Amino acid sequence: MKTNVNLQPYNSFGFNTVAKYFIEIDDIQQLEESIRSDIFKNERHLILSGGNNVLFQNEFFDGLVVFINTKGIETLREDGNEIVVRAQAGENWTDFVRFTVERGWHGLENLAHIPGKVGAAPVQNIGAYGMELKDSFLQCEAIEISTGEKRIFTKNECCFGYRESVFKNELKGQYIITSVDFLLHKQTELKLDYGNIKSYLEQNGIASPTLLQLHDAICAIRDAKLPDVKQIGSAGSFFKNPVISAEQFETLKLAYPDIPHYDEPSGKVKVPAGWLIEQAGWKGWRDEHVGVYEKQALVLVHFGGGSGKEIVELAKKIQQSVFDKFGISIVPEVNYI
Ligand code: EPU
């Protein structure tokens, strides 16, 4: 256990928040001991994984940060076309996806290069390029904080939705995910339909991509649009894409015939928040420390020297101006701490 630790390397926005207490967890036993400790019981606590989806609003975190860094990948079952693979929560997501792709296992390739760790992936059901974590999720193991008991969560029990799960809602703050099992396949069709995947492959002379070529293409497409957090602080998409009624969409379409959209199975329509923010004039906006990424308006960025409060203020202004222009409320997908 350490005291007064600067969390700057542990949050992808790169804010200089100091934690009163900080412990790094390398194995499950250490985690079990830690949640039984007096400090854990008496202080405010935060379970921190990759820190890619958090916004520290204050300069001091008055409590204990538990940083999950457990490692390990094992194949649990290999059966005909199916593979079940388990990854410990602290495994780096990008490295894990690459590991599966290199072995020819399908299921996670479109989720390549998403910053973060395995244990956080189910919490917000990470998604990109036409794929979501839930598509390959089998089950996860978690520890209940109040009792220290282990529990398996099946896919159904996780109640996955768009950037949602039971861990963000009913069970928020109650469990710590320790490992995730994925059901992958040796052969299956590649998902090439989202956005500019096909055009990118064509431009690069790839007619029918291999699994690895698709993985590499996704990495390149992401790199072109999203900032490298080693250089510019961000938490990826800051807001969720709003889902509006078909009637509201039809009205919007009269004014903006080219508005991009995705029809939802419910009959509602999902509209890209990045487009709304760009139309409201924010794309590329910046002041001294924070701004809106010039290549993707859904990403708020920290250029250095700023504070979480500046992002909070910027987010409020963007929400208000999108609401004033379109009558649509956009909500953050990032967790405010
Ligand atoms: N758009 C604009 N201006 C912008 C950004 C986007 O007009 O500044 C338009 C694009 O032209 C396109 C549409 O909005 O027509 C969608 O854009 P994009 O494909 O970049 O995806 P997104 O909806 O903005 C989502 C995820 C990303 C994920 C991409 C790719 C959410 C909140 N975000 O973004 O996830 O990488 O799709 O699948 O659903 C993340 O969650 O951190 C994240 C990066």
Side-chain angles (χ1 to χ4, degrees), residues 25 27-29 31-32 34-36 40 45-50 52-54 66 68-79 81-93 96-97 100 105-108 110-111 114 116-128 130-185 188 191 237 240-241 243 264-266 268 270 331-335:
I25 301 293
D27 63 54
I28 301 294
Q29 201 191 334
L31 179 61
E32 287 168 340
S34 165
I35 61 176
R36 282 196 300 266
F40 191 93
H45 51 255
L46 171 71
I47 310 301
L48 193 63
S49 179
N52 291 278
N53 210 37
V54 291
V66 181
I68 309 288
N69 204 24
T70 50
K71 304 283 183 207
I73 300 174
E74 58 184 314
T75 306
L76 301 182
R77 177 161 69 78
E78 201 164 343
D79 192 358
N81 190 27
E82 291 184 355
I83 315 263
V84 175
V85 59
R86 170 170 299 169
Q88 296 301 314
E91 282 289 341
N92 176 284
W93 177 261
F96 172 61
V97 170
T100 61
W105 304 342
H106 297 66
L108 303 176
N110 292 34
L111 303 178
I114 295 182
K117 296 197 169 188
V118 167
V123 178
Q124 61 151 359
N125 181 27
I126 57 171
M131 205 177 252
E132 284 184 330
L133 169 110
K134 74 170 168 52
D135 304 331
S136 301
F137 178 94
L138 185 63
Q139 60 179 36
C140 66
E141 191 181 82
I143 294 189
E144 188 173 22
I145 290 176
S146 61
T147 61
E149 277 172 25
K150 287 184 181 154
R151 171 171 164 190
I152 301 290
F153 282 88
T154 63
K155 190 195 279 203
N156 263 344
E157 288 168 336
C158 290
C159 306
F160 289 126
Y162 168 58
R163 296 295 193 282
E164 290 292 351
S165 77
V166 74
F167 304 108
K168 263 181 107 168
N169 294 298
E170 294 92 303
L171 300 182
K172 188 171 180 181
Q174 295 183 38
Y175 282 87
I176 302 170
I177 295 173
T178 50
S179 67
V180 185
D181 295 354
F182 298 88
L183 174 60
L184 306 178
H185 293 92
T188 188
K191 283 200 167 81
S237 300
K240 293 207 278 187
N241 287 329
V243 178
E264 293 281 292
S266 62
K268 292 185 166 188
K270 190 185 273 180
V331 295
E333 72 150 71
V334 170
N335 298 310

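Just so we're clear, the structure is a prediction, and the values are computed from it rather than from any experiment.
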I'd like to know whether Cys140 forms a side chain to side chain contact (heavy atoms under 4.5 Å, CB included) with Phe167, so could you lay out the CA-CA distance, the side-chain angles of the two residues, the decisive distance to 0.1 Å, and finally the verdict.
CA-CA 12 Å; Cys140 66; Phe167 304 108; 4.0 Å; yes
Between atom [atom1] of [X] and atom [atom2] of [Y], what is the distance when rounded to the nearest 0.5 Å?
| X | Y | atom1 | atom2 | value |
| --- | --- | --- | --- | --- |
| Asn92 | Lys117 | CG | NZ | 7.0 Å |
| Asn125 | Cys159 | CG | SG | 11.5 Å |
| Leu183 | Leu76 | CG | CG | 11.0 Å |
| His185 | Ser136 | NE2 | OG | 8.0 Å |
| His106 | Ile83 | NE2 | CD1 | 11.0 Å |
| Ile126 | Ser237 | CD1 | OG | 12.0 Å |

More than 12 heavy atoms of other groups within 6.0 Å of [X] [atom1]:
| X | atom1 | value |
| --- | --- | --- |
| Asn169 | CG | yes |
| Lys71 | NZ | yes |
| Lys240 | NZ | yes |

Applying side chain to side chain contact (heavy atoms under 4.5 Å, CB included) between Val85 and each of Val180, Leu138, Leu184, report the one that passes.
Leu184
Atom of [X], atom of [Y] and distance for their closest heavy-atom approach:
| X | Y | value |
| --- | --- | --- |
| Ile28 | Lys150 | CG2-CE, 4.1 Å |
| Val123 | Ser165 | O-OG, 2.7 Å |
| Thr178 | Gln88 | O-OE1, 3.4 Å |
| Ala89 | Thr70 | N-OG1, 3.7 Å |
| Gly127 | Ile114 | O-CD1, 4.2 Å |
| Asn241 | Tyr162 | N-OH, 2.9 Å |

Please report the C-alpha distance between Leu111 and Trp93 in whole Å, then the side-chain angles of each, then the deciding distance to 0.1 Å, and finally whether the side chain to side chain contact (heavy atoms under 4.5 Å, CB included) criterion is met.
CA-CA 9 Å; Leu111 303 178; Trp93 177 261; 3.9 Å; yes
Kindly say whether [Y] contributes a backbone atom to a donor-acceptor pair with the side chain of [X] at under 3.5 angstrom?
| X | Y | result |
| --- | --- | --- |
| Asn52 | Gly50 | yes |
| Asn110 | Lys191 | yes |
| Trp105 | Val97 | no |
| Glu91 | Gly72 | yes |

Side chain to side chain contact (heavy atoms under 4.5 Å, CB included) between Leu31 and Val66: does it pass, once the steps are laid out?
CA-CA 8 Å; Leu31 179 61; Val66 181; 4.1 Å; yes
Given side chains that start at C-beta, do those of [X] and [Y] come closer than 4.5 Å, heavy atoms only?
| X | Y | answer |
| --- | --- | --- |
| Ile35 | Ile143 | yes |
| Asp181 | Ile152 | no |
| Val84 | Phe182 | no |
| Phe160 | Val166 | no |
| Lys168 | Gln124 | yes |

One pair to check against side chain to side chain contact (heavy atoms under 4.5 Å, CB included): Tyr175 and Arg151. What are the steps and the verdict?
CA-CA 9 Å; Tyr175 282 87; Arg151 171 171 164 190; 3.5 Å; yes
Here's one to test your reading of the geometry: is the NZ or CZ of Arg36 within 45 degrees of the ring axis of Phe40 and under 6.0 Å from its centre?
no
Ionic contact status for Glu82 with Arg77, cut-off 4.0 Å
yes
Apply the test salt bridge (charged side-chain N to carboxylate O under 4.0 Å, His left out) to residues Glu333 and Arg163: give CA-CA distance (whole Å), side-chain angles for both, the deciding distance (0.1 Å), then the verdict.
CA-CA 7 Å; Glu333 72 150 71; Arg163 296 295 193 282; 3.1 Å; yes
Distance-only donor-acceptor check, side chains Glu144 and Thr147, under 3.5 Å
yes
